[in-house]
Amino acid sequence: NDELRVQHQVLIEEQDRGLEALSGALSRQREIGLAIGDEVEYHNEIIDDLGNRVDRTNEKLIKTTRSVRKVQMKASDTGMCCVVVLLLIAIIVVSVVPK
């Protein structure tokens, strides 16, 4: 009977040591999980900031593209006007110059 109690006590002590080791491992895993969560949150903030910057850059690019198109249209119109004026001058010169 005493031998049975001793064996039972030894078994309980072994289980306690195993549970303490398991508790320590779980605590470390919890800490690792919290650190991973913090890292993920930090990276999500970086990604959100990058997305916002990309959106702002895209808006600027769209505005700049519109401005360039307007300048191209004006340059094209101005070029045509110059050609018309030069042709008129050429017609006048040709008609005024004696033959």
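Rounded to the nearest 0.5 Å, atoms OG1 (T57) and CZ (R53) are 9.0 Å apart. The distance from the CG atom of D16 to the CD atom of Q9 is 8.5 Å, given to the nearest 0.5 Å. The distance from the OG atom of S23 to the CZ atom of R28 is 9.5 Å, given to the nearest 0.5 Å. Atom CD1 of I46 is separated from atom CG of L50 by 9.5 Å, given to the nearest 0.5 angstrom. Going from atom CD1 of I36 over to atom CD of E31 covers 11.5 Å, rounded to the nearest 0.5 Å. We find the CD-CD distance between E13 and Q15 to be 11.0 Å, quoted to the nearest 0.5 Å.
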Original post:
Yes or no on side chain to side chain contact (heavy atoms under 4.5 Å, CB included) for L4 and H8, after CA distance, side-chain angles and deciding distance?
Top reply: CA-CA 6 Å; L4 212 60; H8 188 269; over 6 Å; no
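If you chain together hydrophobic residues whose side chains sit under 4.5 Å apart, V93 and V85 fall into the same group. Residue I32 is grouped with residue V40 when hydrophobic side chains (ILVMFWY) are merged at heavy-atom distances under 4.5 angstrom, including chains of intermediate members.
Crowding of E3 atom CD: a count of heavy atoms from other residues, nucleotides or ligands under 6.0 Å not exceeding 12.
With a 4.5 Å cut-off on side-chain heavy atoms, R66 and I62 count as touching. Side chains of N44 and E41 form no contact here, defined as non-hydrogen atoms less than 4.5 Å apart.
Panel note: side chain S95, backbone I91; a donor-acceptor pair is recorded below 3.5 Å.
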